Amino acid sequence: MLQQDEIKFLEKEIKRTINSIEHNYFQYFKRFKYGDEEEEYPGWTKSWLESRITDLYHLILAYLEARQMTIFLDTFKATFKDKIDDTDFILQETLTDPEFDPELAILTKFRRFLEVFKAFDSKQSKEDDYIKLISILENTDFILKNCNSTINNEADIYKQVKWVLGLFYPLCRKLNKASFIQEFKIYIPDILIPELKVAIEYKYIKSKNDNIDNYIDQIRIDAINYVDDYRYESFIAVIYIEDTSIATPESIRMSWKAKKFPNNWDLVIVNGSPNKSKKIKQIKTP
């Protein structure tokens, strides 16, 4: 019987392998399978995917056995044993959402066996991803320090952050559009992350002449109008303050609280570095 730390190791390896397969399949799908590019070594990615999916199958077998889920293990074996070497089966695609790209059907089937365990609960996984997203947004200033850009407005900020987020959430890179359409205006968030059903809005406060309360009012108007698109359930407002003497995070949060934002809105406050618009280390983004 495996020790608890060995079971935790298996859980980590299963998650890592699934993420690796999804990431590489997305790149294969976008660049080679239906794209204009050709692989340097034709067939290599397909062979790699087959191998890693087989590895994942054996990892799940080991995990179910370690958990002593005998009936579950037998069912898993009966479902996949005679198909795991069938290339057409393991690379079969499925469309889970018409707005997104096709996914590997076998990963969806594997997840049905895994999600009964707390470690693979999709809700917990999304919560962990959301915490990671907040952490990245809180590091906006660090990201900007490593970008070749002059910061004059919000777009100069969120475009750099979006490029970084695209490394973690590939669908963020696409030209996604939300359907926040009101009678006289279409409301467009600065960043959309379909994988997490999250929309992000940036506000750039540059000088003491800027009234922070006005900016929060603008976000409140967005909160009223960012509705009726089932693809986005959570919203994050990022306030980037270049002059940190304007207000304290505590006073900004008090104003935010007083305006009674919906429960699905979160606030991230980022203090900027001085003289960011002058010289910045050069790292080109696509």
Side-chain angles (χ1 to χ4, degrees), residues 10-67 69-126 128-129 166-176 192-198 230-233:
L10 278 174
E11 291 172 348
K12 184 178 179 181
E13 283 299 296
I14 289 171
K15 291 177 183 179
R16 187 180 64 82
T17 304
I18 289 175
N19 289 337
S20 178
I21 291 170
E22 286 181 325
H23 174 76
N24 281 277
Y25 179 73
F26 177 81
Q27 298 299 323
Y28 170 69
F29 176 82
K30 295 299 293 181
R31 295 174 59 193
F32 306 129
K33 187 167 185 181
Y34 297 113
D36 297 326
E37 295 184 51
E38 292 185 3
E39 285 188 282
E40 184 176 357
Y41 303 101
W44 186 89
T45 305
K46 183 178 178 182
S47 176
W48 183 92
L49 287 169
E50 293 172 2
S51 176
R52 295 305 286 150
I53 290 170
T54 302
D55 290 343
L56 178 60
Y57 168 73
H58 289 117
L59 282 169
I60 297 174
L61 282 177
Y63 182 72
L64 295 177
E65 186 173 1
R67 285 290 190 183
M69 305 287 287
T70 307
I71 297 177
F72 218 42
L73 175 61
D74 290 342
T75 303
F76 183 78
K77 283 182 179 178
T79 304
F80 299 107
K81 183 179 180 181
D82 296 330
K83 299 178 180 178
I84 198 63
D85 294 324
D86 183 345
T87 299
D88 291 336
F89 175 78
I90 65 175
L91 294 183
Q92 185 179 7
E93 298 171 344
T94 184
L95 192 64
T96 57
D97 191 311
E99 296 289 336
F100 298 161
D101 293 322
E103 302 172 1
L104 285 171
I106 195 165
L107 294 185
T108 302
K109 294 171 182 175
F110 280 172
R111 283 194 176 98
R112 290 173 185 162
F113 285 88
L114 293 171
E115 287 182 347
V116 299
F117 302 101
K118 185 177 180 180
F120 300 100
D121 179 65
S122 59
K123 182 179 178 181
Q124 181 63 49
S125 178
K126 287 181 179 178
D128 292 342
D129 273 334
L167 300 175
F168 298 92
Y169 312 104
L171 294 181
C172 175
R173 301 176 191 172
K174 297 179 66 177
L175 296 176
N176 296 294
L192 295 171
I193 305 182
E195 291 97 327
L196 303 183
K197 295 189 174 183
V198 173
Y230 72 94
R231 295 170 299 175
Y232 298 95
E233 299 174 347

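Being a predicted model, the structure only gives us computed values, none of them experimental.
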Restricting to non-hydrogen atoms, name the atom on [X] and the atom on [Y] that form the minimum distance, rounded to 0.1 Å.
X	Y	answer
R52	T17	NH2-OG1, 3.4 Å
P194	C172	CD-N, 4.2 Å
A66	L10	CB-CD1, 4.4 Å

Residue pair E22, R111: steps toward the salt bridge (charged side-chain N to carboxylate O under 4.0 Å, His left out) verdict: CA-CA 13 Å; E22 286 181 325; R111 283 194 176 98; 2.5 Å; yes
Would you compute the distance between atom [atom1] of [X] and atom [atom2] of [Y] and round it to the nearest 0.5 angstrom?
X	Y	atom1	atom2	answer
Y57	D85	OH	CG	9.0 Å
L49	W44	CG	CH2	8.5 Å
I53	I90	CD1	CD1	4.5 Å
Q92	I106	CD	CD1	9.5 Å
F117	M69	CZ	CE	4.5 Å
K77	I60	NZ	CD1	13.5 Å

CA sep, side-chain torsions, deciding dist, call: I18, L114, side-chain contact (heavy atoms from CB on, under 4.5 Å): CA-CA 12 Å; I18 289 175; L114 293 171; 4.0 Å; yes
Step-by-step side-chain contact (heavy atoms from CB on, under 4.5 Å) determination, L73 to T70: CA-CA 5 Å; L73 175 61; T70 307; 5.7 Å; no
Residue pair E11, R67: steps toward the salt bridge (charged side-chain N to carboxylate O under 4.0 Å, His left out) verdict: CA-CA 11 Å; E11 291 172 348; R67 285 290 190 183; 3.0 Å; yes
Residues K83, D86; criterion salt bridge (charged side-chain N to carboxylate O under 4.0 Å, His left out); working and verdict: CA-CA 5 Å; K83 299 178 180 178; D86 183 345; over 6 Å; no
Intermediate values then yes/no, side-chain contact (heavy atoms from CB on, under 4.5 Å), Y25 and E93: CA-CA 11 Å; Y25 179 73; E93 298 171 344; 2.4 Å; yes
Within the side chain of [X], is there an N or O that forms a donor-acceptor pair under 3.5 Å with the backbone of [Y]?
X	Y	answer
S51	S47	no
K46	L91	no
T54	E50	yes

Test side-chain contact (heavy atoms from CB on, under 4.5 Å) applied to E65 and L61, step by step: CA-CA 6 Å; E65 186 173 1; L61 282 177; over 6 Å; no
Geometric cation-pi criterion K109 and F80, 6.0 Å radius, 45° cone: no
Residue from Y63, F113, F110 passing ring-ring contact (aromatic ring centres under 6.0 Å, His included) with F120: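 So the option named by the test is Y63.
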Flag side-chain contact, heavy atom, 4.5 Å: Y232 against V198: no
